Novice: 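One structure follows; several queries about it will come next.
The chains referred to below are lettered A, B, ... by the order of the sequence lines, with proteins before strands, and numbering in each begins at 1. Bear in mind the structure is a predicted one, so any value in this text is a computation, not a measurement.
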Amino acid sequence: MTEIRIYNTLTRKRDVLETRTAGKLGLYVCGPTVYDHAHLGHARVYVLFDSLVRFLESRGYEVTYVRNITDIDNKIIKRAQETGETCERVAGTFIESFNADMEALNVRRPTIEPRATEHVQEMIEIISKLVDAGTAYPLEGDVYFSVEGFEGYGKLSGRNLDQLMAGARVEVDTRLRSPHDFALWKASRPGEPSWDSPWGPGRPGWHIECSAMSLKYLGAGFDIHGGGLDLIFPHHENEIAQSEGALGEPFCRLFMHNGFINVNREKMAKSKANFFLISQILEHAHPEAIRLFLLGTHYRGPIDLLVTMDPDGTIREFPQVSEAQKRIEYYYETIGRLEKAAADGSADASLITKAAESFSDRVDASLCDDFNTARAVGHLNDFMKAANELVDGGGGGAAAARALEVLARCGDLFGIMQSTPEAFTRSVRDRKLAALRITAEQIEARIAARREARERKDWASADAIRDELAALGIELRDAGDTTRWTVRG
RNA sequence: GGCGCCGUGGCCAAGUGGUUUAAGGCAGAGGUCUGCAAAACCUCCAUCACCGGUUCGAAUCCGGUCGGCGCCUCCA
């Protein structure tokens, strides 16, 4: 089998994946800070790693996937103050929202979903070790990590302290040993959640939680740490510093970072108010269309999301996602044809065997090469064509069954084609009909009228009905003596 | 100021030295099929921002120019 190579931010090249323990793989992905609903950018990360885990498992790895929930942080506190709720309540609300979005997107639950607030003790232990070793120092109830006390500081992000100093444009806290020292522990202010610690009541800093939870569940030197590009510095850099400072051994073998979603070429971000929530996109497209859209670009590249709006500013559609949805419709249509052909055809499986095997190999090879899902989607399209060709040529039986098998495997990796053609078609159709305010019964009635006209060979009347429905966006497809219909858009 | 990324057909997007004189999708043109259509399938449609260099050979490596973006502050 082909070796799996993944671009490692630490080494800046595609490293061959060699796990700490053969056959097992520990993956840690920075999860959401639950102070607001998740946007498309979150969907990108979690769909990516969901698919990666599916792939690794298909390759025989026993994967332990840890994705934390940051349920204590400045923004949660701020939100709680604004709404008058407790931090716990705010976190609870958005955990629920996040889970609903992930479930809709068919993102499987990680093996372990630890919460920061349930691991404060573990964080305190790491901080204590660092304080004892002199790489961290208490200061008026806070505890700071001393970046100068850790030799490798900057190795992930490719910076050194001098460069950082030169570019520092944040207000310098003169109490610190170095302006880049970061808080491991923060003394709590009145009204804020607080935990007891050797340095007084307080709460953890942002970075320490990921060190504590990844090390607890995966141990030192675990295999892959993932997250968005923006976490490289300072978040992951600091995780490495504090973890390795406390352990005296390597923290993680490989760092994997995904690119952003942009809107009008600018990073989609809360601060720019140009973000789209997952739930907003779901109003306009099937979840599998969103997955295909996200996986249609290599994970390290940016995705520029296009949006069309009505003059009043309401979202009309996300063209790329709509396009992906049409592709998904085509996939299901092809699957439907194959199923039918498999049931009543009798062709030799060898008719498609070669295409099926090379398709599987190519998907595998693409994913082995820095998880290139975009290239794999290209191969999927090629194979869909071959499958339709098979059916067009009257092939079926074992050949069609074989095609369905390899497609199912690919669908499982991407988390698409997880429904049946009938169920999928119905769900898409119902959504579109609701928007058009037409019922299926009304359409069926017109189709029945057209059938009568066709039986009389009254082509003019039949075509009038076709045109009438077409004007509404209903497309008719005659196949023998039955007429199927679809809704455009 | 420092670190880094990107610029491929009308649009989206793979490809990081020859097997790709550039996958796949959308749009477009022609065709098969069809009462007409649709769907499906077939055919056609780019020399890779620009300049210079390295090489037998570069979209792919090096240098420069122009243009876009990210990180250095919470951020997927």
Side-chain angles (χ1 to χ4, degrees), chain A residues 9 12 14 29-33 35-36 38-49 73-75 78 154 157-160 162-171 180 182 206 226-235 237 257-262 265-272 275 292-293 296-298 300-304 306 319-320 322-324 326-327 329-330 333-334 337 362 366 369 372-393 454 457-460 462-463 466-467 470 474-480 483-486 488:
Chain A
T9 308
R12 280 150 217 282
R14 297 174 192 200
V29 174
C30 290
T33 300
Y35 71 103
D36 202 350
H39 61 227
L40 226 214
H42 296 99
R44 187 174 194 195
V45 194
Y46 304 123
V47 165
L48 160 67
F49 286 102
D73 140 289
N74 288 338
K75 279 173 295 195
K78 188 166 168 245
S157 54
R159 297 153 210 257
N160 61 50
D162 296 340
Q163 292 167 345
L164 285 167
M165 308 269 195
R169 43 176 162 138
V170 227
E171 261 181 69
H180 292 282
F182 55 90
W206 174 38
L229 214 68
D230 52 349
L231 297 181
I232 296 174
F233 190 91
H235 188 54
E237 191 69 66
H257 295 102
N258 65 276
F260 293 123
I261 304 277
N262 296 153
R265 320 203 73 202
E266 277 201 327
K267 174 180 173 178
M268 183 167 95
K270 291 274 165 69
S271 55
K272 295 188 175 162
F275 59 90
L292 182 65
F293 163 63
T297 300
H298 182 84
R300 282 194 285 123
I303 294 181
D304 200 28
L306 301 175
Q320 297 139 309
S322 301
E323 193 179 307
K326 284 185 188 133
R327 283 269 97 197
E329 288 174 29
Y330 164 78
E333 193 135 343
T334 303
R337 299 182 80 202
R362 283 171 181 172
S366 299
D369 184 12
N372 196 329
T373 53
R375 198 196 295 155
V377 168
H379 295 310
L380 173 61
N381 288 324
D382 283 339
F383 187 68
M384 284 287 171
K385 225 182 255 187
N388 274 303
E389 220 170 324
L390 174 81
V391 178
D392 280 351
R454 294 181 75 211
K457 298 215 191 294
D458 177 359
W459 306 127
D463 288 349
R466 176 196 288 291
D467 292 344
I474 312 295
E475 214 158 64
L476 302 184
R477 296 183 191 173
D478 296 325
T483 297
R484 299 177 54 222
W485 56 276
T486 58
R488 269 199 300 269

Novice: Within the 4.5 Å heavy-atom criterion, are R477(A) and T483(A) side-chain neighbours or not?
Specialist: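 They are not in contact (no side-chain heavy atoms under 4.5 Å apart), so the answer is no.
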Novice: Return the value, rounded to whole Å, for the distance between atom CG of L229(A) and atom C1' of C3(B).
Specialist: 12 Å
Novice: How long is the line joining NZ of K326(A) and C1' of C26(B), in whole Å?
Specialist: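 From K326(A) NZ to C26(B) C1': 9 Å.
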Novice: How is H298(A) classified with respect to the nucleic acid when contacts are heavy atoms under 4.0 Å: base, sugar-phosphate, or nothing?
Specialist: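 The residue H298(A) makes sugar-phosphate contact but no base contact.
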Novice: If pairing requires Watson-Crick or G-U wobble contacts with both distances under 3.5 Å, which nucleotide is the partner of G10(B)?
Specialist: C26(B)
Novice: Applying the Watson-Crick and G-U wobble criteria at under 3.5 Å, what pairs with A38(B)? Answer none if nothing qualifies.
Specialist: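 The base-pairing partner of A38(B), which may sit in any strand shown, does not exist here.
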Novice: Heavy atoms under 4.0 Å is the rule here; annotate nucleotides 31-43 of chain B 5' to 3' with B where the base is hit, S where only the sugar-phosphate is, and - elsewhere.
Specialist: ----BBBBSSSS-
Novice: Which atom names give the shortest non-hydrogen contact between A374(A) and G296(A), and what distance separates them?
Specialist: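 Looks like CB-O, 3.3 Å.
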Novice: How close or far is atom P of C74(B) from atom CE of M268(A), stated in whole angstroms?
Specialist: 20 Å
Novice: So V45(A) and V29(A), do their side chains get closer than 4.5 Å, heavy atoms only?
Specialist: yes
Novice: At their closest point, which heavy atom of F233(A) faces which heavy atom of S157(A), and how far apart are they?
Specialist: CD1-OG, 3.3 Å
Novice: Counting side-chain heavy atoms from C-beta on, which of C71(B), A14(B), A76(B) comes nearest to T297(A)?
Specialist: A14(B)
Novice: I'd like the P distance from C41(B) over to C50(B), given in whole Å.
Specialist: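 Per the computed distance, 35 Å lies between those P atoms.
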Novice: Below 4.5 Å, heavy atoms only, C-beta onward: do L229(A) and N258(A) meet side chain to side chain?
Specialist: no
Novice: For G70(B) and N262(A) - does any side-chain N or O of the residue sit under 4.0 Å from the phosphate oxygens OP1/OP2?
Specialist: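 So the side-chain polar atoms of N262(A) never come under 4.0 Å of the phosphate oxygens OP1 or OP2 of G70(B).
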Novice: What contact category does G228(A) fall into here, base, sugar-phosphate, or nothing, at under 4.0 angstrom with non-hydrogen atoms?
Specialist: sugar-phosphate
Novice: What is the distance from CG of L380(A) to P of A14(B), rounded to the nearest Å?
Specialist: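 Roughly 16 Å, once rounded to whole Å.
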Novice: Could you give the CD-to-C1' distance, from E266(A) to G67(B), as a whole number of Å?
Specialist: 15 Å
Novice: How do A376(A) and T33(A) order along RNA chain B: which one's closest nucleotide is nearer the 5' end?
Specialist: A376(A)
Novice: Which is it for R337(A) and N388(A) under the side-chain hydrogen bond (donor to acceptor under 3.5 Å, both in side chains) test, yes or no, and what are the steps along the way?
Specialist: CA-CA 8 Å; R337(A) 299 182 80 202; N388(A) 274 303; 2.6 Å; yes
Novice: Locate the shortest heavy-atom distance separating H379(A) from S366(A); write the atom from each residue and the value.
Specialist: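 In this case the closest contact between H379(A) and S366(A) is CD2-OG, 3.3 Å.
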Novice: Please give the distance between the C1' atoms of G10(B) and C69(B) as a whole number of Å.
Specialist: 24 Å
Novice: What's the NZ-P distance between K272(A) and C69(B), to the nearest Å?
Specialist: 9 Å
Novice: Pick base, sugar-phosphate or nothing for G393(A), based on heavy-atom distances below 4.0 Å to the nucleic acid.
Specialist: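 If one applies the 4.0 Å heavy-atom cut-off, G393(A) turns out to touch nothing in the nucleic acid.
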Novice: To the nearest 0.5 Å, what is the distance between CG on L390(A) and OG1 on T334(A)?
Specialist: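 So the CG of L390(A) and the OG1 of T334(A) are separated by 11.5 Å.
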Novice: Rounded to whole angstrom, note down the P distance from A14(B) over to C33(B).
Specialist: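 One P to the other, the span is 38 Å.
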Novice: Inspect the contact between R466(A) and D478(A) and indicate whether a charged nitrogen and a carboxylate oxygen are less than 4.0 angstrom apart.
Specialist: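 A salt bridge links D478(A) with R466(A).
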Novice: Both distances below 3.5 Å, Watson-Crick or wobble geometry, any strand: find the nucleotide opposite C71(B).
Specialist: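 Its partner is G2(B) (Watson-Crick or G-U wobble, both distances under 3.5 Å).
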Novice: Would one find more than 12 heavy atoms of other residues, nucleotides or ligands at under 6.0 Å from atom CZ of R488(A)?
Specialist: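 Yes.
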Novice: Taking the same atom, C1', in G28(B) and in C3(B), what whole-Å distance lies between them?
Specialist: 44 Å
Novice: Got a salt bridge between D369(A) and R375(A), using NZ or NE/NH1/NH2 to carboxylate O under 4.0 Å?
Specialist: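 Salt bridge: yes.
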Novice: Given atom CZ of F260(A) and atom P of G4(B), what is their separation to the nearest angstrom?
Specialist: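 Taking CZ of F260(A) and P of G4(B), I get 17 Å after rounding.
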Novice: Could you check which of C74(B), A76(B), A14(B) has an atom nearest any side-chain atom of K75(A)?
Specialist: C74(B)
Novice: Could you identify the nucleotide paired to U65(B), looking across every strand shown and requiring Watson-Crick or G-U wobble geometry with both distances under 3.5 Å?
Specialist: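 The answer is A49(B), by the H-bond criterion.
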Novice: Mapping G31(A) and D382(A) to their closest nucleotides on RNA chain B, which lands nearer the 5' end?
Specialist: D382(A)
Novice: Where along nucleotides 6-11 of chain B does protein come under 4.0 Å, by heavy atom, of base (B) or sugar-phosphate alone (S), with - for untouched nucleotides?
Specialist: ------
Novice: Can you check the distance between C51(B) and A58(B), where both ends of the measurement are the P atom (answer in whole Å)?
Specialist: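 Each nucleotide's P atom is 15 Å from the other's.
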Novice: Report which part of the nucleic acid K270(A) touches: base, sugar-phosphate, or nothing (heavy-atom distance under 4.0 Å, all strands).
Specialist: nothing
Novice: Tell me: CZ of R375(A) to P of A23(B), nearest whole Å?
Specialist: 13 Å
Novice: In terms of side-chain geometry, is the basic nitrogen of D382(A) or R362(A) positioned less than 4.0 Å from the acidic oxygen of its partner?
Specialist: no
Novice: Is there a Watson-Crick or G-U wobble partner for C33(B) with both distances under 3.5 Å, and if so, which one is it?
Specialist: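 Paired with no nucleotide.
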Novice: Roughly how far apart, to the nearest Å, are C66(B) and A59(B) at atom P?
Specialist: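 Rounded to whole Å, the distance is 24 Å.
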Novice: Roughly how many Å apart are A22(B) and A49(B), using the P atom of each and rounding to a whole number?
Specialist: 15 Å
Novice: How far, in whole Å, is A27(B) from G17(B) if one measures between their C1' atoms?
Specialist: 33 Å
